[in-house]
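Input: a single structure, listed below in structure tokens.
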2 protein chains.
Amino acid sequence: MAQDLKTTELAILGLLARRPWSAYELTQYMRTSNIRAIWPRAESRLYEAPKKLARLGYASTEIATVGKRSRTIYSINQKGLEALTTWMGEDSRPFGFEYEALLKLALGDVGDSRHRLSQLATLERQSDEDWATLAAFFQQFASGESEEPSADRQVQNLLVNSFIRELLDARRRWSGVAAAINAEYSACTTEAEKSAMVRRFYAALLHGDAPQGDGDG
Amino acid sequence: MAQDLKTTELAILGLLARRPWSAYELTQYMRTSNIRAIWPRAESRLYEAPKKLARLGYASTEIATVGKRSRTIYSINQKGLEALTTWMGEDSRPFGFEYEALLKLALGDVGDSRHRLSQLATLERQSDEDWATLAAFFQQFASGESEEPSADRQVQNLLVNSFIRELLDARRRWSGVAAAINAEYSACTTEAEKSAMVRRFYAALLHGDAPQGDGDG
DNA sequence: TGGGCAATACTCCTGTTAGGAGTAACCAAC
DNA sequence: GTTGGTTACTCCTAACAGGAGTATTGCCCA
């Protein structure tokens, strides 16, 4: 494959496969796209990546004029399409996340149980806020106002958005689980009781309800 | 707060608050810690960050000798403890993730429905593999083999690990949801039917079973 | 008609970060 | 004594964050 292309560049090729874009259009699009939720990158990257694609021969450029303004338009070419197709068929890097509030919970030795409660409250508040934002974002799709050009594009968006929603559900569900863990832990008195309770919860994590999945998962 | 410290440095302060570490010890610890799952950073960072902490006066260093080998030991100091405590009380950056396989699904215009099925299979396989890895990791806690020094540390780990598990559950659950979406979509024949089906699914996403959460979430 | 503000269309800038590879001394086992 | 793995780091380029900065254009309003 194109060893000289990073995932971000390949993602831009994916967008160029849809239609030609200026870099500025890419930045505007990314502000409201769910692609930014699943592959977040700084806006400056959206200027850098198309330039690299053009430099390495995966896209072509053309200077267009709108009114008295000029803009650089990037278009994918055959080499770019081939690189994109190759990338699509390759193994992908795994799921990864980072969460500062959870990091504080994990490192919470400097605090007492009030610290833990404070962090749990932060995590819950953040999941509620993110849910409200997501619900507002989904409204356009539920009402049909969103202008996706084809049903295929709509179902792609739906698949991605439902993934994002499942993660949000998980975070909200976890807030309840965490509150239960904390309550039960606080009700213990001896170290031995506490350790035993922790092991019971792990046993439950390992053998809890299998989530609804398809097939042999 | 310590405006000159990044989250990674503050996380290292959190570990130094537990005990003094060498940077090499930090890299070994991170290989098996759930902290790496929630705040993934390259090993070279674990050499860089303590040096910066020492340079800026948040930690002290001491050269120890083990056999004929020397190593640098970092210890937190009062300034570091204060910076850590301040950080714990501040607002935290939101949850964020990146997922290359989902990105490919989102950009799947170059493919046909077989491409979509292929990506869905990849996403399911990855979640199954990650689940197996996680279950193996949890085994040490369920059996009590893990040597956490205190019950408080155990429950912190449990809270973090249960978060990670909920995310994994969500990914596995989503694979089933995605298969259902794909099946129902494929059974549609007209663009209008497809769009209507997509809108129905969004309505369900918006008004689906509220996940079990605590309180006013 | 001119002024002011927002949009357009970028570049700039420092420091963080990835992602291991590379380096070299030490240590233990054979 | 030698060999391979461990220990304990540094190195290196390019990607990346995170906006701020720059300058022109365009539109709206008085």
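Within every chain, numbering begins at 1; the chains are lettered A, B, ... in the order of the sequence lines, protein sequences first and strands thereafter.
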Which whole-number value in Å describes the distance from E100(A) CD to dT16(C) P?
-> 15 Å
At under 4.0 Å between heavy atoms, what does R71(B) touch on the DNA or RNA strands: base, sugar-phosphate, or nothing?
-> sugar-phosphate
Give T27(B) one of three labels, base, sugar-phosphate or nothing, depending on what nucleic acid heavy atoms sit under 4.0 Å from its own.
-> nothing
Would you mind reading off the distance between E9(B) atom CD and dT16(C) atom C1', rounded to a whole angstrom?
-> 9 Å
Derivation and outcome, salt bridge (Lys or Arg N to Asp or Glu O under 4.0 Å), residues K104(B) and E90(A) | CA-CA 10 Å; K104(B) 291 179 178 178; E90(A) 287 174 349; 5.3 Å; no
Report yes if some heavy atom in the side chain of N161(A) is under 4.5 Å from a heavy atom in the side chain of F138(A); otherwise report no.
-> yes
Round to a whole Å and report the spacing from CG of L46(B) to C1' of dT7(D).
-> 15 Å
Closest to the side chain of K52(B), out of dT10(D), dA15(D), dT16(C), is dT16(C)
Quick one: is S44(B) getting a side-chain N or O under 4.0 Å of the dG20(C) phosphate, OP1 or OP2?
-> no
Rounded to the nearest 0.5 Å, what's the gap from CG on L167(A) to CD1 on I38(A)? Could you check?
-> 10.5 Å
Please check if the distance between the ring centroids of Y99(B) and F163(A) is under 6.0 Å.
-> yes
Rounded to whole angstroms, how far apart are CZ on R45(B) and P on dC9(D)?
-> 16 Å
Does R19(A) come within less than 4.0 Å of E25(A), counting only side-chain N to carboxylate O?
-> yes
What is the distance from atom CG of D130(A) to atom CZ of R172(A), rounded to the nearest 0.5 Å?
-> 10.5 Å
For dC16(D), does OP1 or OP2 lie under 4.0 Å from any side-chain N or O of T8(A)?
-> yes
Starting at atom NZ of K51(A), determine the distance to atom P of dC16(D), rounded to an integer number of angstrom.
-> 15 Å
Just checking P50(B): base, sugar-phosphate only, or nothing, at a heavy-atom cut-off of under 4.0 Å?
-> nothing
Can you check the L10(B) CG to dT16(C) C1' distance for me, whole Å?
-> 14 Å
Comparing nearest nucleotides in DNA chain D, the 5'-proximal residue of the pair E43(B), T7(A) is E43(B)
Return no unless some side-chain N or O of Y24(A) is found under 4.0 Å from OP1 or OP2 of dT8(C).
-> yes
Q28(A) CD to dT8(C) P, straight-line distance once rounded to whole Å | 6 Å
Do the side chains of L53(B) and Y74(B) get nearer than 4.5 Å, heavy atoms only?
-> no
Interatomic distance where CD1 belongs to I12(B) and P belongs to dT16(C) [whole Å] | 14 Å
Would you say a side-chain N or O of S22(A) is under 4.0 Å from OP1 or OP2 of dA9(C)?
-> no
Side-chain N or O of K6(A) closer than 4.0 Å to phosphate OP1/OP2 of dA18(C) = no
Which nucleotide sits closest to the side chain of Y47(B): dA18(C), dA8(D), dA17(D)?
-> dA8(D)
Atom pair CD/OG of Q126(A) and S175(A) - distance to nearest 0.5 Å | 10.0 Å
Might you list the N or O atoms of the protein lying below 3.5 Å from N or O atoms in nucleotides 27-30 of chain C, with each pair's distance?
{"unit_1": "dC27(C)", "atom_1": "OP1", "unit_2": "K68(B)", "atom_2": "N", "d": "2.9"}

